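In what follows, a structure is listed as structure tokens, so that the remarks can point back to it.
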Amino acid sequence: MVKLLSFLLIFVFFSIISPPATSVSPPQPHLLNSFQPKSIQAANARSCSYTVVVKTSCSSSSYTRDKISLAFGDSYGNEVYLKRLDDPSSGTFDRCSSDTFQISGPCTYGICYLYLLRRGSDGWKPESVKIYGPNTKTINFKYNTFLPNGVWYGFNLCRHASSSRSM
């Protein structure tokens, strides 16, 4: 009986002092009202090649003619910007499809943000955007939501003090 009471007291004590369990939810995309991508690369900057895989959700519209722009970068101010990622004549961003793009741009060191911009009236729901490149591990940004029209929408996971993008 004494052992049982001792066990119960210890159990209650540790239950009280233990921190509550927290669940970590994956980051969600957000609007970025004042984002201006860098369209000019410094003349002496190195250029790197990236593979970007965009997966369109199966609950997206069957196709889109919307203009899609993309910008991603690191916390050191290095940014890759592509004004037009779409090509309506080729079936880019059709429902349930994956599209792969080879992009060249400034070298980044740990990609930590990605924003997409959609302009048009068709609507489009990306499921995810995965980026492969040198000097950075592969990163996958999960959207799975319809993009709003005319605003940059995405993720900023940068933790570096010199980050040029706000969360």
Side-chain angles (χ1 to χ4, degrees), residues 25-158 160 163-167:
S25 60
Q28 298 298 309
H30 63 274
L31 290 172
L32 193 61
N33 294 323
S34 62
F35 183 69
Q36 290 296 319
K38 298 176 185 175
S39 58
I40 300 173
Q41 182 178 348
N44 60 353
R46 281 186 39 227
S47 183
C48 287
S49 180
Y50 301 91
T51 300
V52 177
V53 179
V54 180
K55 186 173 182 183
T56 298
S57 172
C58 291
S59 59
S60 185
S61 50
S62 59
Y63 67 93
T64 187
R65 294 166 297 193
D66 294 350
K67 297 172 181 148
I68 308 296
S69 300
L70 167 127
F72 63 85
D74 62 21
S75 61
Y76 302 101
N78 302 304
E79 182 176 277
V80 177
Y81 168 63
L82 195 61
K83 187 173 182 177
R84 292 287 302 267
L85 197 58
D86 56 286
D87 181 4
S89 64
S90 71
T92 307
F93 306 133
D94 285 350
R95 179 188 306 151
C96 293
S97 68
S98 286
D99 298 291
T100 302
F101 304 91
Q102 299 300 319
I103 300 172
S104 290
C107 295
T108 60
Y109 302 94
I111 296 166
C112 60
Y113 71 86
L114 169 94
Y115 289 99
L116 295 171
L117 172 67
R118 179 186 70 82
R119 292 189 191 274
S121 59
D122 289 341
W124 178 55
K125 183 178 183 181
E127 185 173 302
S128 63
V129 178
K130 190 179 285 191
I131 304 170
Y132 305 86
N135 309 319
T136 187
K137 65 179 183 172
T138 299
I139 187 160
N140 190 21
F141 296 93
K142 295 185 180 190
Y143 277 83
N144 209 26
T145 187
F146 281 94
L147 293 184
N149 186 34
V151 293
W152 287 97
Y153 194 69
F155 299 86
N156 186 334
L157 308 176
C158 299
H160 193 275
S163 174
S164 61
R165 309 286 180 224
S166 61
M167 279 278 304

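Quick caveat, the model's predicted, so the values are computed rather than measured. Atoms considered below: every heavy atom in the structure, side chains included; atoms not considered: hydrogens, waters and symmetry mates.
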Which residues pass the side-chain contact (heavy atoms from CB on, under 4.5 Å) test with [X], not counting sequence neighbours?
X: Leu82; value: Leu85, Ile103
X: Asn140; value: Ser128, Lys130, Lys142
X: Ser69; value: Leu117, Trp152
X: Lys67; value: Arg84, Asp86, Arg119

Exercise: identify the closest heavy-atom pair between Cys112 and Ser75: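 Scanning both residues completely, I find the closest heavy atoms to be SG-N, 3.5 Å.
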Looking only at heavy atoms, what is the nearest atom pair of Gly123 and Ser61, with distance?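 The pair with the smallest heavy-atom distance is O-OG, 3.1 Å.
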Note, Thr92 side chain near Phe101 side chain (heavy atom, < 4.5 Å):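 Yes. Closest side-chain heavy atoms under 4.5 Å.
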Would you mind reporting whether Phe93 and Asp66 have side-chain heavy atoms less than 4.5 Å apart?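 Heavy-atom side-chain distance check fails, nothing below 4.5 Å.
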Taking atom [atom1] of [X] and atom [atom2] of [Y], what is their separation to the nearest 0.5 Å?
X: Arg118; Y: Phe146; atom1: CZ; atom2: CZ; result: 9.0 Å
X: Ser60; Y: Glu127; atom1: OG; atom2: CD; result: 10.5 Å
X: Leu114; Y: Ile139; atom1: CG; atom2: CD1; result: 8.5 Å

Does the plane of the ring in Tyr143 sit parallel, tilted or perpendicular to the ring in Phe155? Use 30° and 60° as the thresholds.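 It falls in the perpendicular class, over 60°.
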List for me each residue that meets side-chain hydrogen bond (donor to acceptor under 3.5 Å, both in side chains) alongside [X], sequence neighbours excluded, and say none if there are none.
X: Asn135; value: none
X: Ser57; value: Ser59
X: Thr51; value: Gln102

With side-chain hydrogen bond (donor to acceptor under 3.5 Å, both in side chains) as the test, pick out the partner of Thr108 among Tyr76, Tyr50, Tyr113.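 Testing each of Tyr76, Tyr50, Tyr113 against Thr108, the sole residue satisfying side-chain hydrogen bond (donor to acceptor under 3.5 Å, both in side chains) is Tyr50.
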Backbone of [Y] reached by a side-chain donor or acceptor of [X] within 3.5 Å:
X: Thr136; Y: Ile111; value: yes
X: Asp74; Y: Glu79; value: no
X: Asn78; Y: Gly73; value: no

Should Val129 and Phe72 be marked as a side-chain contact (heavy atoms from CB on, under 4.5 Å) after you check the CA-CA gap, both sets of side-chain angles, and the distance that decides it? CA-CA 11 Å; Val129 178; Phe72 63 85; over 6 Å; no
For a side-chain contact (heavy atoms from CB on, under 4.5 Å) with Phe141, tell me which candidate from Leu116, Val54, Ile131 qualifies.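 Testing Phe141 for a side-chain contact (heavy atoms from CB on, under 4.5 Å) against Leu116, Val54, Ile131 leaves exactly one candidate, Ile131.
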Suppose the criterion is salt bridge (Lys or Arg N to Asp or Glu O under 4.0 Å): which pairs have a residue in [range], not counting sequence neighbours?
range: residues 107-117; value: none
range: residues 96-113; value: none
range: residues 101-112; value: none

Does Lys125 have any salt bridge (Lys or Arg N to Asp or Glu O under 4.0 Å) partners at least two apart in sequence or in another chain, and if so, which?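 By the salt bridge (Lys or Arg N to Asp or Glu O under 4.0 Å) rule, Lys125 matches no residue at all.
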Partner set under salt bridge (Lys or Arg N to Asp or Glu O under 4.0 Å) for Asp94, not counting sequence neighbours: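 None.
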